[in-house]
Every structure is written in C-alpha cells, then in structure tokens.
Amino acid sequence: MEKRVRVPSEKPPFTLATLKKAIPAHCFHRSLLRSLAYLVYDLSVCSTLFYIAKTYIPILPSPLNYAAWPIYWLIQGAFMTGIWVIGHECGHHAFSEYAWVDNIVGLVLHSALMTPFFAWKYSHRRHHSNTGSLTHDEVYLPRFENTIPWYSKHLNNPVGRVIRIVSMLFLAFPLYLLFNASSQKHDRFANHYDPYSPIFTDRERLQVVISDAGIFTALYVFYSVSKAHGFAWFFCTYLAPLLVVFALFIIITYLHHTNPTLPHYDNSEWEWFRGALSTIDLDFGWLNRVLHHVTNTHICHHLISTIPHYHALEATEAIKPILGDYYQIDSTPIHKMLYRAAKECIYAEPDHDSKDKGVYWYRPYKHKL
C-alpha cells in the first residue's frame, strides 16, 4: 500500500485571522460583472455544444453518430458542472455583493440542474459549519467498524469496488436529496423537498418551498420539451449531460473528503478550524479550469467560503506557506483516486497506539475473501 503523509490532526500553530491577513485584499471582492461574465461564457459554450449536437450528430453516418453522443455528453456535462459550481457560489454569497442577486441566480441555475437551491444551500451550510465532525457533519460521514453493512465483504474485491463506484456516481446525489442518504440520522424521515424536514429550521421552510417551485417548474419545462421533441432527443441533448453533472459532483465532493490522509474528530476533539482543515485539494488537470477551480482550491473554500472562484487560486497560493503540512493536493488520476478510496476508506477508527482517541482515520476492510 502506498504510503502518504497524513494531514496533521494537532491544533494548528496559526489562526484563521493569520490566514485572512495573508490574502490580498482584492481577493475578498465579489464583482457582479466579472461573475456574470463567467456565467455568460459557460452558457455560451453549453449553447454552442447543444447546437452542434442537435444539428450535426444525427446526420453523422453510423456508427460515428453513436460514438459522438457520449463525447458530447462528457464535454457538455463538464461545462454544465461549471454552471453548477457558479450556482454553488451563489449559495455561499460569493457571486456578488448582493444577496438577492445571488439567491435569484442560484435558484435559476440549480433548478435547471435539478438541485433544490435553498434546501441544498442550508444543508451545505451545515456541512461547512461541521466539517470533519463524526457526529455533526452533513455528508460523507465515515462508518465505524461495527456499522459496516453485511454485504460489504462481498464487495471487497475489484469487481465489487467498481460496482460501488459506478452506483455511487449516478445514484448518490439523487438519493441524498430524496432520502438524506449518507447523512445524519434524524428521528423521522428527512429529505431536501419537505419544508418540514428535520434538516431545516422554521425560518428556512418558506425558501425550501421556493426551491420546490423551481424544481417543479424545471420538470414542467423538461416534460414539455420531451413531449415536443421526444424523450430520446431530450435524453441525448440534456438528460445524459445532467447525469454527468451528478457524477462529477459526487467525484469532486467524495474525493475532497474521503482520503486515507484526512482526520475526522469525535466531540472530544472536534473544533471548527481543525475540521475545516481536514480536507484536501484535487488536481484534475485541464478540468480545473472548466470547473472554476472548485477542485484545487477547496481548502481555501472551507476556510473562507465567500471568496469568488476567480480569486481562489491567488488566495490559495497566499496561504499555502502558512498552512505548511496542513495543505495537501492530490494529483493522482481520477479513476485511481476513486478506486483507492473505495478500497482503503471503509470505516474509521483511532490509531491504537495514539493518545488522541478522539481522532479517527480511515481503514481498509480487514477481512479478505
């Protein structure tokens, strides 16, 4: 097994104020015009790809047309994920200085991408408030050894890991929204569409209803388009790229928080600053730019989530010398990172020879078939 350096779990020798002071002041400025320019660019690329696909792929000779559609799905899905990232920035009030603008833009963008904007915004905010906590984090909570499902041992092999990865990529996000899968347990059913779900507070319920209205509006548009052009046409031009968005979203967020080098903390050890540092940046090569660097500026994002993406790289470079070993970036190819996480990150437990029994680390499945 490859030996990697762990992110330190000790209380860091620097403070959040020290990091903020190191970041150039202009990095905190949120320009509405600049944010809109990135959004217009992404929409223009997606519109161009859509036009090319619907106009030219159907007239390609077979089997070239069958090969062209998956290529379109992957490229279009990547740029649509960039639009999703901009909606994510709206949820963090990083799109502009105006909260109402961020809310409107985020609602429109995320509704079109089948994400309930306000509902996800509030649950995601709780993830940022509790990152790395074994009891209060919102997503990617590690299992304990005694809670591993019985069927896990049957998936502890190359084929089983690939099955887990593929099913996770296309099902995890919808199941999280619909059933709060892989999140905190509540005393009753929870999801992202019920305004009275235990996920939300009383002051958030009305905006959850607005999110639902956005989703229903998008579904009606999808139904109308499918009825006018046929489901196959709608699937090929929009739905398949949307599935790529879901898969890329899971790849990014899963790998940001599921790595053998990252600590998790129980209530005796957790504090916000240490939790915010228990994540990792990812290098996806040319995709970093398409995804507005959400991949390789994630540590900075967890520390100061209102910095817009076009300043996040500069801010990251400014704090890296201070972070030292607390900053790590993984440049492993994506498929290898996914397989490693599926193999080595089965459950979490403290090091047996450590005095820090409140610090947990991922372990592989102990028993081989």
Side-chain angles (χ1 to χ4, degrees), residues 32-90 95 104-117 120 166 169-174 177 213-252 284-295 309-310 333-335:
L32 175 58
L33 288 178
R34 190 168 181 182
S35 295
L36 284 172
Y38 279 99
L39 176 57
V40 170
Y41 173 80
D42 282 353
L43 291 173
S44 299
V45 171
C46 288
S47 298
T48 302
L49 290 170
F50 170 77
Y51 176 79
I52 292 171
K54 77 179 183 67
T55 305
Y56 297 106
I57 293 181
I59 63 175
L60 288 175
S62 181
L64 288 180
N65 56 341
Y66 292 106
W69 278 118
I71 295 172
Y72 163 73
W73 297 340
L74 292 172
I75 298 174
Q76 181 75 299
F79 279 96
M80 287 169 60
T81 305
I83 294 175
W84 193 99
V85 170
I86 291 177
H88 159 262
E89 288 213 333
C90 292
F95 186 79
I104 292 174
V105 173
L107 177 64
V108 173
L109 296 182
H110 272 191
S111 296
L113 297 171
M114 294 308 296
T115 303
F117 174 70
W120 180 85
V166 172
L169 294 187
F170 295 103
L171 296 177
F173 191 42
L177 295 176
I215 294 297
F216 281 119
T217 300
L219 287 172
Y220 178 76
V221 173
F222 295 166
Y223 169 76
S224 300
V225 172
S226 297
K227 190 175 181 180
H229 297 277
F231 179 77
W233 183 91
F234 175 68
F235 177 86
C236 287
T237 56
Y238 193 81
L239 190 57
L242 183 60
L243 293 176
V244 174
V245 174
F246 289 173
L248 271 175
F249 170 79
I250 292 299
I251 289 171
I252 295 165
F284 281 9
W286 63 270
L287 270 176
N288 291 334
R289 193 177 187 88
V290 175
L291 301 173
H292 300 303
H293 298 286
V294 72
T295 45
H309 67 85
Y310 42 83
I334 297 172
H335 67 286

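This one's a predicted model, so the numbers in the text were calculated from it and none came from an experiment.
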What verdict does the side-chain contact (heavy atoms from CB on, under 4.5 Å) test give for Leu169 and Phe246, after you've listed the backbone C-alpha separation in whole Å, the side-chain angles of each residue and the deciding distance to 0.1 Å? CA-CA 7 Å; Leu169 294 187; Phe246 289 173; over 6 Å; no

Run the side-chain contact (heavy atoms from CB on, under 4.5 Å) test on Ile251 and Phe284 for me, step by step, so that the C-alpha distance in whole Å, both residues' side-chain angles and the decisive distance to 0.1 Å come before the verdict. CA-CA 11 Å; Ile251 289 171; Phe284 281 9; 3.9 Å; yes

For Ser35 and Tyr310, what are the C-alpha separation, side-chain angles and deciding distance, and is it a side-chain hydrogen bond (donor to acceptor under 3.5 Å, both in side chains)? CA-CA 8 Å; Ser35 295; Tyr310 42 83; 3.1 Å; yes

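Taking both residues in full, the closest heavy atoms of His292 and Ile86 are given as NE2-CD1, 3.7 Å, listed atom of the first, atom of the second, then distance. Nearest approach of Tyr72 to Thr237, heavy atoms of both residues: OH-O, 2.7 Å. Here the closest heavy-atom approach between residue Gly77 and residue Val245 is recorded as O-CG2, 3.5 Å. Nearest approach of Ile250 to Ala172, heavy atoms of both residues: CD1-CB, 3.7 Å. The minimum heavy-atom distance linking Leu291 with Ala78 is given by the pair CD2-O, 3.7 Å. Nearest heavy-atom pair across Cys236 and Trp69 is O-CZ3, 3.6 Å.
Relative ring orientation between Tyr51 and Tyr56 is described as perpendicular, the plane-to-plane angle rising above 60° on a 0-90° scale split at 30° and 60°. Between Trp120 and Trp84, the ring planes lie perpendicular to each other; the angle is over 60°, past the 30° to 60° tilted range. Below 30°, between 30° and 60°, or above 60°: for His309 and Tyr38 the angle between ring planes is above 60°, a perpendicular geometry. Using cut-offs of 30° and 60° on the angle between ring planes, the pair Trp233 and His229 is parallel. Ring geometry, Tyr223 versus Tyr220: the interplanar angle falls from 30° to 60°, so the pair is classed tilted.
Proximity of a side-chain donor or acceptor of Gln76 to a complementary backbone N or O of Cys46 within less than 3.5 Å is detected. Of the possible polar contacts, one joining the Asn288 side chain to the Gly285 backbone as a donor-acceptor pair under 3.5 Å is found. Between the side chain of Thr115 and the main chain of Ser111, no donor-acceptor pair closer than 3.5 Å is present.
At a threshold of 4.5 Å between non-hydrogen side-chain atoms, the residues Leu239 and Phe231 count as touching. Within the 4.5 Å cutoff, no side-chain heavy atoms of Thr81 are placed close to those of Phe249.
Taken to the nearest 0.5 Å, the CG atom of Leu243 stands 9.5 Å off from the CE atom of Met80. Atoms OG1 and CZ, from Thr55 and Phe50 in turn, are 8.0 Å apart once rounded to the nearest 0.5 Å. Atoms CZ and OG1, from Phe222 and Thr217 in turn, are 10.5 Å apart once rounded to the nearest 0.5 Å. Distance CG/Leu36 to CG/Leu39: 6.5 Å, rounded to 0.5 Å. Atom CD1 of Ile83 is separated from atom CG of Leu43 by 4.5 Å, given to the nearest 0.5 angstrom. Taken to the nearest 0.5 Å, the CD1 atom of Ile59 stands 10.5 Å off from the CG atom of Asn65.
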